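Start at 1 with the first residue, then count along the sequence. Here the structure is a predicted model, which is why all the values come from computation and not from measurement.
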Amino acid sequence: MEFIWIFFAFLCGLGVKVFNLPPLVGYLIAGFLLNAFGVEPSANLDTFADIGITLMLFTIGLKLNVGSLIKPEVYVTTFSVTTIWIVSITAILFLLKLAALPFFVELSTSGMLLLAFGLSFSSTVCVVKVLEENGEIRTRHGKIALAVLVLQDIFAVIFLVVTSGKIPSVFALGLFALILVRPLMKKLLEQSGHAELLPLTGFFLAFGAYELFEYVGVKGDLGALIAGMMLSAHIKSAELAKALLSFKDLFLIGFFLSIGFTKLPNLEILLAGMILCAFLILKITLFFSIFTRLKLRARTAFLSGMVLNNYSEFGLIVVVVCVDAGWLANDWLVIIAVAAALSFIFTSSVYRHSHNQYANNGYKLRYFEHPKRLKEDIYHMPSNAKIIVLGMGRVGTGAYLALSGQLKEKVWGMDADPQRVAKLQAKDMQVMLGDGEDADLWENLDLSSVDLILIALPSIEDILEIHDQLDRFGFDGQLAAIARYEDDRQRLLEAGVDKVFNFYTEVGVGFAEESLQLISDDTKEAIAN
């Protein structure tokens, strides 16, 4: 990557962070600034972008449960939203054509339909980044959003096959035999260890699958996604995803920069892009309405719709097809790029406040809920709980085991990941499914007998949000949390958390205390003397 890309990406990323905006917003701005200053993109930029997208899809697959794709709330919603959106947006585009607005007046019927189709997709890159930054990949709404994106990616593959005129090779049928290779893939992952060979194994599997699918005439990105899905149940899948995280984020900077290099927009193009962004009101309305009709809770429907409320980079691919066919003018490529960039900024900026928005307006949104609940959305109340451990990862599970060894059934665990909860329950652990940022959860839970809640979550923002939720619903017990860094620890204490453990310091203290138990009291006294 050329230094000037790094310089602008760093400068703009740091600049927007000062205003409490996600760095990806800065990368988008950096791309447009580089374009304005006459910097020419090289082929390396597209290469970095492609690598980032491939790694991203592979890591999505590592976290995805195949069964989630065949649930009505996923496939019915995806088909319904896509169909209604295309019909509605085509009608709106026709009205804008009659109004003789610049660019819209030149649209043909075919161009309107394909433009509406391209705008129906949500951005996989943007959604995954936002969910990861908020630590919500494994939450109920996060998994539903990812499942919708996977189905949309399948639509994209079908579209590209049809419009490119390329028919998959007869050897593509052999891809079904990949299920036979799954044990070998698992064996490779097991033998990769925990050091530098682990991410290299991820690169090998992701790009190996990419090249295999491309060779038989199928979109390579789909191959990376499927390879990840084949390993999603492996015990090291989470570790592999974490090992690839930094590589993925670094290469994805190339993708965000490349959007700005499409073409420098003028005022008319900016206005056209803003008009397209106004259509997003319809998108979130459709997602929320259909999700709730399919018995999802209002909160899940709201958060899923919010994070999916953007345009996809796939819209650019659709426009390229339309331009080549003469259905759209070249300027539409820039208009879609501007609309996509603005939608990314909207999603990444607004979504981080969505939990507060729901907490303040949830009573209005719950009016639209279906009277029946899906099995996954029924609360299981902890009985006789004196202590709740929120976040059952390695730290939370360790705390739960230590406490339950002394207080038995008085200790309960809570986690937002259904698979993790099921595994822990299978070990006879008292663990309930629940998202700590869910206002409905705390409103429905009886916390009158709970004396202590331990929050073992990695995100400081999540801990602060949960603290506010508990305070709003009158929890008068003690609250403890963990922090990785001293400045985060001070921030939590200032916010009102009763006890904050520095993750690294407390591990050292615990290690020393446990180790001292290995030697006798006489030896300890002798050492002290």
Side-chain angles (χ1 to χ4, degrees), residues 60-61 63-88 120-124 126-128 130-131 134 136-156 158 225 229 232-233 280-310 312 347 351 354-355 357-358 361-362 364-380 415-422 432-435 437-441 444:
I60 288 175
K63 302 171 184 177
L64 192 64
N65 180 7
V66 181
S68 64
L69 300 179
I70 57 175
K71 293 183 177 180
E73 59 266 31
V74 174
Y75 70 82
V76 173
T77 298
T78 307
F79 279 100
S80 301
V81 169
T82 302
T83 303
I84 299 172
W85 172 271
I86 292 174
V87 173
S88 302
S120 69
F121 290 78
S122 299
S123 172
T124 303
C126 179
V127 172
V128 172
V130 169
L131 288 174
N134 288 275
E136 297 176 5
I137 284 285
R138 293 184 179 274
T139 59
R140 173 80 164 132
H141 60 274
K143 289 190 172 185
I144 287 176
L146 289 179
V148 170
L149 289 171
V150 171
L151 284 185
Q152 289 184 346
D153 284 340
I154 294 173
F155 292 168
I158 295 172
L225 177 68
M229 291 169 65
S232 61
L280 290 173
I281 297 174
L282 174 62
K283 180 174 281 194
I284 189 173
T285 302
L286 287 175
F287 272 119
F288 179 80
S289 301
I290 297 174
F291 276 142
T292 50
R293 287 307 86 203
L294 293 172
K295 303 178 185 178
L296 283 180
R297 291 172 49 224
R299 178 180 181 273
T300 306
F302 175 72
L303 294 178
S304 299
M306 283 289 288
V307 79
L308 289 167
N309 196 34
N310 47 66
S312 171
T347 300
Y351 183 77
S354 57
H355 293 282
Q357 292 168 8
Y358 181 80
N361 300 285
K364 299 177 183 176
L365 297 174
R366 285 194 290 272
Y367 173 79
F368 299 97
E369 283 185 337
H370 194 281
K372 293 184 179 179
R373 285 280 184 275
L374 294 175
K375 179 182 177 182
E376 296 90 338
D377 294 328
I378 297 175
Y379 293 119
H380 295 280
D415 199 274
D417 183 358
Q419 291 175 295
R420 177 180 291 166
V421 170
M432 64 173 288
L433 181 64
D435 185 346
E437 295 181 86
D438 185 353
D440 293 347
L441 173 71
N444 284 276

Steps toward side-chain contact (heavy atoms from CB on, under 4.5 Å) verdict (L303, H355): CA-CA 8 Å; L303 294 178; H355 293 282; 3.6 Å; yes

Distance (rounded to the nearest 0.5 Å) between S80 OG and R293 CZ: 13.0 Å

pair M306-Y358: side-chain heavy atoms closer than 4.5 Å: no

side-chain contact (heavy atoms from CB on, under 4.5 Å) evaluation trace for L282 with S88: CA-CA 9 Å; L282 174 62; S88 302; 3.7 Å; yes

For Y351 against H141, the heavy-atom pair lying closest together: OH-NE2, 3.1 Å

Flag side-chain contact, heavy atom, 4.5 Å: L374 against K71: no

Closest heavy-atom pair and its distance - K143, D417: NZ-OD1, 3.0 Å

Gap between atom CD1 of I290 and atom OG1 of T285 - 0.5 Å precision: 10.5 Å

Heavy-atom pair with the smallest gap, counting every atom of R373 and R297: NE-CG, 3.6 Å

Approximate separation, where rounding is to 0.5 Å, of T78 OG1 and I144 CD1: 10.5 Å

Any side-chain heavy-atom pair of V148 and V127 under 4.5 Å: no

F155-F79 aromatic ring centre distance below 6.0 Å: yes

Nearest heavy-atom neighbours spanning I284 and N309: N-OD1, 3.5 Å

Flag, side chain of K283 to backbone of G305, donor-acceptor distance under 3.5 Å: no

Closest non-hydrogen atom pair, T292 against A298: CG2-CA, 4.3 Å

Nearest-0.5 Å distance, CG of residue L294 to NZ of residue K372: 13.5 Å

Residue from T83, I84, T82 passing side chain to side chain contact (heavy atoms under 4.5 Å, CB included) with L286: I84

Note, F291 side chain near T300 side chain (heavy atom, < 4.5 Å): no

Derivation and outcome, side-chain contact (heavy atoms from CB on, under 4.5 Å), residues V81 and S120: CA-CA 8 Å; V81 169; S120 69; over 6 Å; no

Expected output: side-chain T77 to main-chain V74 donor-acceptor under 3.5 Å: no

side-chain contact (heavy atoms from CB on, under 4.5 Å) assessment of R140 paired with L296: CA-CA 10 Å; R140 173 80 164 132; L296 283 180; 3.4 Å; yes

S354 versus F302, closest heavy-atom pair with distance: O-CE2, 3.5 Å

